[in-house]
Amino acid sequence: MANFSKSNVPRFSVDVYQNEYLPEGGREVNAIVTVTSTGGGTTGGVPLAGASSTPSALPGHSPNAAVVIMVDCSGSMDYPPTKMRNARDATAAAVDTLRDGVAFAIVGGTHVAKEVFPGDGRLAIADSRTRAQAKEALRRLSAGGGTAIGTWLRLADRLLATADVPIRHGILLTDGRNEHEAPEDLKAALDSCAGRFTCDARGVGTDWEVKEVTAIASALLGTADIVADPAGLAADFTSMMENAMGKEIADVALRMWTPVGVEIAFVKQVAPTVEELTGRRTEAGPRAGDYPTGSWGDESRDYHLCVRVPEAGIGQEMLAARVSLILPAPGGGAPEVLSQGLVRAVWTDDMAASTSINPQVAHYTGQAELAQVIQQGLDARKSGDLDGATAKLGRAVQLAASSGNADTAKLLSKVVDVVDAATGTVRLKAKVADADEMTLETRSTKTVRVKK
């Protein structure tokens with residue numbers, strides 16, 4: 001493990017967990033890389049020490065973060081009428097959680113995107129005056145129109161681009177399907193916004209499409225969740241904004257360098273959620289590639305790396321990969337290495353050593369399978385393949401129980417009757433509430449950390 005830091009950024013550490021021993025002819029090397037960021041001085045929604053209540057009046061003042069909140073204002077938000085009121089209240093709560101000095105804006109989303117506050121293509125600087133103005137503007141929000149989420153994201157991107165800040169973040173709320181633009185238009189908007197800002201996405205009620213909302217969060221390296229009861233929006237928005245305010249450093253990349261002859265099979269985040277990163281690689285010089293991780297506060301995440309090495313004889317060893325945390329330099333200079341770890345391969349004729357599976361690798365392989373079989377089981381259920389759904393969701397129950405993932409086990413129990421968790425014997429429930437099924441699907445990628 002190596003640590004590198006500067007005083008103005010959090011301190012990062014990298015720990016590598018693996019069984020480096022391979023049998024003769026063995027080629028596949030797996031490792032879990034734990035990345036931990038500490039000491040970033042995160043403050044949640046509390047103003048930074050010494051911050052003025054009117055920072056916009058300070059000469060030369062510049063914020064360190066910018067946030068755009070995108071609120072669904074389509075016609076369906078009026079059914080029931082309390083939904084729009086809850087959305088307004090939740091956005092007001094998020095505005096109250098903004099740290100003094102943060103740049104922000106509110107966008108109303110229908111089949112077009114409109115600036116609700118402050119307007120004129122600008123961002124406001126959070127202080128007591130602008131928070132009050134924003135909440136006054138929110139009172140005028142009403143529901144009417146369609147849903148074209150790509151237009152909301154593009155407006156948020158334009159607004160965030162006006163701020164010269166390290167942290168750019170979006171919060172997006174929708175209650176319906178993206179029916180007023182083609183799927184390829186939303187995909188193009190996500191491709192355009194990827195790497196420019198992170199975005200948390202929330203679906204309220206049960207009339208939205210889980211795969212749409214989770215795809216938005218995945219593409220923009222944010223979180224996705226369901227708020228089945230609109231009354232829960234204010235608490236959820238407050239929590240999301242507190243998390244956003246805790247971010248201190250953005251655009252951190254996981255850089256993989258591999259020697260000649262080594263191939264990367266996959267790179268994925270496995271905690272706190274499963275997120276496939278393999279296809280997001282950008283080349284970074286000879287035999288090196290960068291995988292985006294988004295913004296960081298005080299937190300820890302786990303990544304599963306799998307590489308294929310050339311065959312070698314007993315007693316030989318090699319560096320299979322070097323993993324670095326990279327912070328791009330302003331202006332395209334040499335990036336800063338925040339931390340580094342090594343993945344090794346050693347060939348042995350000791351069968352006990354070469355066949356032992358590292359506990360962290362085994363745990364997260366199971367967690368990735370858990371996420372996959374939940375999705376497959378729910379898709380089978382929707383398509384009428386009840387036998388397939390029973391088999392997949394039974395395997396999910398078994399994996400959740402064996403790994404100690406109690407939250408997912410509880411969600412599964414609302415979709416299936418568990419006969420025997422240890423063997424994965426289940427019966428599909430005849431009637432399942434939409435909210436329960438959507439909650440399971442939305443949260444299927446959430447994992448538990450390996451037991452120490």
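Just so it is clear, the model here is predicted, and its values are computed rather than measured.
- The side-chain heavy atoms of L411 and R443, taken from C-beta on, include a pair separated by under 4.5 Å.
- Here the side chains of Q367 and D302 are not in contact, with every heavy-atom distance at 4.5 Å or above.
- Surrounding CD1 of I357 are at most 12 heavy atoms belonging to other residues, nucleotides or ligands under 6.0 Å away.
- Ion pairing between a basic and an acidic side chain is recognised when a charged N comes within 4.0 Å of a carboxylate O; E369 and K392 show no such pairing.
- In this structure F117 satisfies the ring pair (Phe, Tyr, Trp, His ring centres under 6.0 Å) test together with F104, sequence neighbours excluded.
- Salt-bridge check for K135 with D96: passed, with a basic side-chain N closer than 4.0 Å to an acidic carboxylate O.
- Panel note: side chain W152, backbone T110; a donor-acceptor pair is recorded below 3.5 Å.
- Under a 4.0 Å N-O distance rule, the pair K446/D225 qualifies as a salt bridge.
- Listed for the R27 side chain is a donor-acceptor partner under 3.5 Å among the backbone atoms of V309.
- With sequence neighbours excluded, no residue forms a salt bridge (charged side-chain N to carboxylate O under 4.0 Å, His left out) with D434.
- Within 6.0 Å of atom OH in Y79, 12 or fewer heavy atoms from other residues, nucleotides or ligands are found, so the atom counts as exposed in its surroundings.
- Salt-bridge check for K211 with D379: passed, with a basic side-chain N closer than 4.0 Å to an acidic carboxylate O.
- Using a 4.5 Å heavy-atom threshold, the side chains of R177 and W208 count as separate.
- Under the side chain to side chain contact (heavy atoms under 4.5 Å, CB included) criterion, R154 pairs with R158, A188, A189, S192, sequence neighbours left out.
- Using a cut-off of 4.0 Å between Lys/Arg side-chain N and Asp/Glu carboxylate O, D127 and R131 are scored as not salt-bridged.
- Looking only at side-chain heavy atoms (C-beta outward), R308 and V262 stay at 4.5 Å or farther from each other.
- Of the possible donor and acceptor atoms, one in the side chain of D200 sits under 3.5 Å from a partner among the backbone N and O of T223.
- Look at E115 and R122 and you find no salt bridge, because none of the NZ, NE, NH1 or NH2 atoms lies under 4.0 Å from a carboxylate O.
- Ion pairing between K382 and E441 holds under the 4.0 Å rule for side-chain N and carboxylate O.
- Note on ring orientation: taking the six-membered ring where Trp is involved, the planes of H180 and H111 are tilted (angle from 30° to 60°).
- With respect to N64, the side-chain hydrogen bond (donor to acceptor under 3.5 Å, both in side chains) criterion is satisfied by exactly one of K247, E248, R99: R99.
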